[in-house]
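These notes concern the structure reproduced below.
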2 protein chains.
Amino acid sequence: MSVQAPLRVLLADDERMVRTALRAILGAEPDMEVVGEAATGAEAVPLIRELRPDIVLMDVRMPEIDGIRATEQVLAGMSGPPRIIVVTTFENDAYVYEALRAGASGFLLKRSGAEELVQAVRLVARCDSLLFPAAVRALAASHAGRRAADDAARTLRARLSEREQAVLRLMTSGLANAEIAARLGVGPATVKTHVAAVLAKLGVRDRTQAVIAAYECGFVRPG
Amino acid sequence: MSVQAPLRVLLADDERMVRTALRAILGAEPDMEVVGEAATGAEAVPLIRELRPDIVLMDVRMPEIDGIRATEQVLAGMSGPPRIIVVTTFENDAYVYEALRAGASGFLLKRSGAEELVQAVRLVARCDSLLFPAAVRALAASHAGRRAADDAARTLRARLSEREQAVLRLMTSGLANAEIAARLGVGPATVKTHVAAVLAKLGVRDRTQAVIAAYECGFVRPG
DNA sequence: ATCTCCCTCCGCCGCACGGGGGAGGCCGCC
DNA sequence: GGCGGCCTCCCCCGTGCGGCGGAGGGAGAT
């Protein structure tokens, strides 16, 4: 149950060393697999269409077609497109904004540590929210944010069975397992099973993290 | 620790029977106390200023001054004003909207059951968010919503000590007590103490409910 | 007909969590 | 000086939670 299919990641960066480094970091994670590399935006777009990775780490500055445009093209021309994390060196607000407008699911700085990178990939894969550098949070209120959140909620709904969604919803109401069982008219053991499934599918440790994920994904909305 | 000072509630409704009913319902709760009643808006405003209740249940339709205006006047003329829940018979969107504009913290229908009523009072007392009837949710994205949420976050910040806020913030990151302890550079026992304080002050049962409250209050914002 | 997924439920187990109660040091307020 | 709030930390204890493994039945796909 914990050994789901690994996350298939594609790297798009013009610097070979960066790609090597990313591959090393992500390859060390048992649940991730780098399925392809591209050195330019023009290379990346068809490769992504062919390989259909779960996640793309997309550099902003690339020859021929930059990362923002490549993101646009990928998202425009695919059904069930991958989640794209835009990677850049500088905290340039314009880039962040454009990346969001283009439909990127995440934004990451190259100076980020390995741990942060891995976390970001997992989080985006889990619910494709866009909440990494603080800079993004401020902008998230705009259109791009809403669209991405709705999108996230949809994919989350798709991944969870109906019963699991119901359980998650009740979890986000602060109910304990026994209370959820009473509400749904099933046994406590059944609820435990569903909760375990939700935790596994969301890739989280406990119910608190599940509730957080539900909020961050827009699966539930705060008042 | 669970026996904090009871919530001091004031009732403003022109129908005596309604007041009696509300008093009966709220009086049955060990943590609530009805400290006063008013039959008109004109009566209510000075009474609220004098008694300084935590919560006001304010009817919309009242003689002399209606509930909306009374709400405005109370909030305009007091420091540390009470949280006002506007009560009405009909799901009239205009009323909801006006109530929010006036600064009400909650909106409740008279047809609500006793359970929903006490829940609403507790929730508003806890974090004065505004999320009861589904009708409110739709409007909450507007200015009034933002303002109230900011307000809520402020009062929440005021109630929690600095350390407690830090702990709550880390809780909303999905961290366990031991991890929080590591981040803050203190012992696990200390974190447990802070967590217990947060739970008590928020009036919730466990860390999951605390995280939910934090989101609902706008203490943390989703991506 | 077989396979897979979902829903239902069972046991066992370890542990983090939360409740209760206590304690010492620090600071600011009255 | 005393009192209260905050931060720090300790004990014990019960239990809800989550991990692990198993099981049966029903629906739909191929």
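Residue numbering restarts at 1 for every chain, and letters A, B, ... go by the order of the sequence lines. Note that the coordinates shown come from a computational prediction; the quantities given were computed from them, not determined experimentally.
The side chain of A/Ala189 lies closest to C/dC9, out of C/dG18, C/dC9, D/dC10. Residue B/Asp206 places its side chain closer to C/dG18 than to any other of C/dC6, D/dC7, C/dG18. In this structure, of C/dC6, C/dG18, C/dC7, it is C/dC7 that holds the atom nearest to the side chain of A/Arg163. If you check D/dG18, D/dC7, C/dC17 against the side chain of A/Lys192, the one that comes closest is D/dG18.
Proximity of B/Arg205 to the phosphate of C/dG18: no side-chain N or O atom is located under 4.0 Å from OP1 or OP2. Note on B/Thr190: every side-chain N or O is 4.0 Å or more away from OP1 and OP2 of D/dC7. Contact check, A/His194 against C/dC9: no side-chain N or O comes under 4.0 Å of OP1 or OP2.
A heavy-atom distance below 4.0 Å to DNA chain D is reached by these residues of residues 170-178 of chain A, ordered by number: A/Ala176, A/Asn177.
One axis for each end of the helix from C/dA1-D/dT30 to C/dC30-D/dG1, each built from five base pairs, and the angle between them comes to 40° at 10° resolution.
Using a 4.0 Å cut-off between charged side-chain N and carboxylate O, A/Glu179 and B/Arg205 make a salt bridge.
Residues satisfying the side-chain hydrogen bond (donor to acceptor under 3.5 Å, both in side chains) criterion with B/Arg163, sequence neighbours excluded, are absent altogether. Here B/Leu199 pairs with B/Val195, B/Val204, B/Ala210 under the side chain to side chain contact (heavy atoms under 4.5 Å, CB included) rule; sequence neighbours left out. A/Glu43 is linked by a side-chain hydrogen bond (donor to acceptor under 3.5 Å, both in side chains) to nothing, counting only residues two or more places apart in sequence or in another chain.
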Restricting both atoms to N or O, compile the protein contacts to nucleotides 21-30 of chain C shorter than 3.5 Å, with distance only.
none

